[in-house]
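Since the structure comes first, as structure tokens, the remarks are kept for the end.
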Amino acid sequence: MLGSLGAPGAGGRAPAADAREELGRTLEALADKADLRERGRQQIEAAKEQAVVVKDQAQEKIANGAGLARDKVAQAVDVIKDHTPDQVLEQGGQLAAQARETAEALGHRAVDSLSPQVGEQVGRAADSVRANRKPLLVAAVTALLTLVVVRRVFGRRR
């Protein structure tokens, strides 16, 4: 019986050597499948890449939407300016200037009474408002126009 185990098989090799080689290949295949860490890392990398793609798409959509909104606001401002008497525009400008001055004074008082960290955040917000004066002016003019229209409508009913 021993003689048959040691006898060379196909290709001149012993059946035990063939069995060992086959067992080695099987173990390697199982080890590859069982390497959960590597598969998890690959899945994480794929998820990160997908997240980057989605983030880029979202940023592009936001930028496009912001551009469209900016264009619509500019268009609305032009229409309002075209249909608004100069006196109303002047009053709106004066009201906006007063509102800015009052807000700035109140902001300074509030900042003085806050902690330094909160004060820095408020300062950054105030800088942002100062940088975006046009939308604030549009809002003030719109409010003034609404007031004028409401006064005319209710004034005629009396």
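Only heavy atoms go into these numbers, but all of them, side chains included; no hydrogens, no water, no symmetry mates.
- Annotation: the span from Glu90 atom CD to Leu144 atom CG amounts to 11.5 Å, rounded to 0.5 Å.
- Contact check for Thr26 versus Glu22: side-chain heavy atoms found under the 4.5 Å cut-off.
- Using a 4.5 Å heavy-atom threshold, the side chains of Leu95 and Gln98 count as touching.
- Counting heavy atoms from C-beta outward, Leu23 and Arg20 have side chains that stay 4.5 Å or more apart.
- To the nearest 0.5 Å, atoms NZ (Lys55) and CD1 (Ile62) are separated by 11.0 Å.
- With a 4.5 Å cut-off on side-chain heavy atoms, Gln75 and Asp71 do not count as touching.
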(message) Apply side chain to side chain contact (heavy atoms under 4.5 Å, CB included) to residues Lys48 and Val52 and explain how you reach the verdict.
(response) CA-CA 6 Å; Lys48 283 181 183 178; Val52 167; 5.6 Å; no

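- More than 12 heavy atoms of other shown residues, nucleotides or ligands fall within 6.0 angstrom of atom CD in Glu45.
- A salt bridge does not link Glu104 with Arg100: none of the charged nitrogens is closer than 4.0 Å to a carboxylate oxygen.
- Within 6.0 Å of CD on Gln87 lie no more than 12 heavy atoms contributed by other residues, nucleotides or ligands.
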